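Just so you know, these numbers come straight off a predicted model, no measurement behind them. Order of listing sets the numbers, starting from 1, for every ligand and every atom in it.
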Amino acid sequence: MIDFSKFNSLFSIASYFSTDDVCKQTIIERRWGKDESQDVVCPYCGKHHCKMSKSGRFHCTACNKNFSCTVGTIFENTKITLRKWFMAMYLISSHKKGISSHQLARDIEVTQKTAWYMLQKVRSLFAQDDSTALEGEVEWDEVYIGGKEKWKHQSMRTPNTQGRSTKTKTPVFGMMERTEFVNENGETEFMSNVRAMVVEKTDRSTLEPIISQFIEEGSIVFTDELNAYNHLAEMGYVHKICNHGALQFVCDDDGSVYTNNIEGFWSHFRRMISGCYHDVSDEHLQQYIDEACFRWNTRKMSESERFTDMFNTSIGLVKPNKEFKLCIAA
Ligand SMILES: [Zn+2]
């Protein structure tokens, strides 16, 4: 099997993936194994052990269909060389604050329009996995994201809004699990995993179903006084409130009651938007949130681990979720 741990720089990616054939071989090996262990499964009828035809495509004797190794991946039917796709995935995953389509276009020598399309496809790999829940100690908080009215042209402004009106902003709800991991030196480090989403409102009836879906019962939840809910104990949580209004930022004897981690994520998210993408429409906001969550949750990984993670998702090894399926169908 190809050792992905060597892919820790753009140079190593460009050197190893020197032709599209090498890229295809890598996809085949990661999807279906190598040599005797290889088992190519037909994506249409599920028959095992499909054989490669002379053209380099696979043929299924059960349903008589031909398919390529990129079927069902973000690279399906692409006209762009796989070498550029792999480099793009590396660049997009390794730029901590995101990369613009103009920059990506220059780096891999494609048009800005193509780079924008590639960014959208790669971003679909960042979609959050809905099947897992956070547990233990969890902080949560909401923010309002939106265009600043004063920068807009007169004709684009929303009537009767000044400054911080929520009429022109979209609420985003974020939850963050405090956890830890063991680094390469065998030391235990603090770590946090975030999950965030656009919500319609920040009222109880909107947020409670989200909370019960994504936070395990029995968890200890930390909020500020603004989003204090009175029914969390009934829902099976231990609720601790940090009173920012009273300038209490760490509000407990043992120092554990605070929401600083999730607030750190929001400032990271805002920097990503203002520094790289300037302003985002509501239509694409969830995608940018997904991207920010991916960057946050993988920030302690090495470059090669992050690339491996993206590569596996791109070829469908990691359980694809709704957004990913939509992207394949598009
Ligand atoms: Zn078949």
Side-chain angles (χ1 to χ4, degrees), residues 1-7 13 16-90 92-93 108 110 113-132 286-287 290-291 294 298 304-330:
M1 281 298 238
I2 297 154
D3 174 17
F4 267 60
S5 69
K6 65 186 171 194
F7 299 134
I13 303 256
Y16 183 80
F17 297 109
S18 57
T19 65
D20 259 30
D21 279 341
V22 177
C23 299
K24 282 182 186 161
Q25 274 313 316
T26 308
I27 293 177
I28 292 169
E29 194 180 310
R30 296 291 286 196
R31 285 187 86 170
W32 297 304
K34 204 183 176 193
D35 303 329
E36 295 83 52
S37 70
Q38 192 175 81
D39 179 13
V40 180
V41 180
C42 171
Y44 302 105
C45 71
K47 181 192 171 277
H48 287 255
H49 303 291
C50 296
K51 292 277 178 273
M52 194 187 272
S53 63
K54 279 191 193 120
S55 64
R57 289 163 68 81
F58 292 95
H59 179 73
C60 172
T61 48
C63 69
N64 214 21
K65 284 199 169 101
N66 294 312
F67 57 93
S68 90
C69 66
T70 59
V71 64
T73 72
I74 60 163
F75 321 115
E76 187 171 0
N77 297 327
T78 185
K79 301 272 188 295
I80 306 156
T81 101
L82 289 171
R83 298 180 61 215
K84 291 192 177 184
W85 274 111
F86 289 10
M87 283 187 225
M89 282 203 300
Y90 181 83
I92 296 165
S93 68
I108 61 169
V110 293
K113 209 176 143 195
T114 301
W116 188 88
Y117 164 81
M118 293 173 90
L119 266 165
Q120 289 299 103
K121 281 282 185 187
V122 172
R123 242 180 230 131
S124 71
L125 306 176
F126 295 140
Q128 299 170 67
D129 171 15
D130 283 354
S131 65
T132 56
Q286 184 60 52
Q287 273 190 313
D290 289 345
E291 178 176 347
F294 173 86
T298 61
S304 61
E305 282 170 336
R306 205 176 297 116
F307 178 74
T308 310
D309 195 76
M310 286 204 74
F311 188 89
N312 288 342
T313 317
S314 78
I315 59 171
L317 282 185
V318 176
K319 197 173 138 242
N321 54 25
K322 265 197 312 254
E323 286 88 343
F324 185 51
K325 274 186 202 138
L326 276 178
C327 147
I328 290 171

- Task: Indicate the atoms forming the closest heavy-atom contact of R31 with C69, along with that distance.
- Result: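 Looking at all heavy atoms of both residues, the shortest contact is NH1-O, 2.6 Å.
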- Give a yes-or-no answer on whether the side chains of S131 and D129 include a donor-acceptor pair shorter than 3.5 Å.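 Side chains of S131 and D129: pair found under 3.5 Å.
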- Query: In this structure, which one of I27, D20, V22 forms a side-chain contact (heavy atoms from CB on, under 4.5 Å) with F86?
  - Reply: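 Only one option passes, and that is I27.
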- Under the side chain to side chain donor-acceptor pair (under 3.5 Å) rule, collect the residues that match up with N66, sequence neighbours excluded.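 In terms of side chain to side chain donor-acceptor pair (under 3.5 Å), with neighbours along the sequence ignored, N66 is linked to H59.
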- Query: How about the Zn ion (ligand 1), which protein N, O or S atoms come within less than 2.8 Å?
  - Reply: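 The answer, once waters are left aside, is C42 SG, C45 SG, C60 SG, C63 SG.
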- Task: Output yes when a side-chain donor or acceptor of K84 lies under 3.5 Å from a complementary backbone atom of I108, and no otherwise.
- Result: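 Here the side-chain-to-backbone pair exists.
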- Geometric class of the F307/F17 ring pair [parallel <30°, tilted 30-60°, perpendicular >60°]: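 Rings of F17 and F307: tilted, as their planes differ by 30° to 60°.
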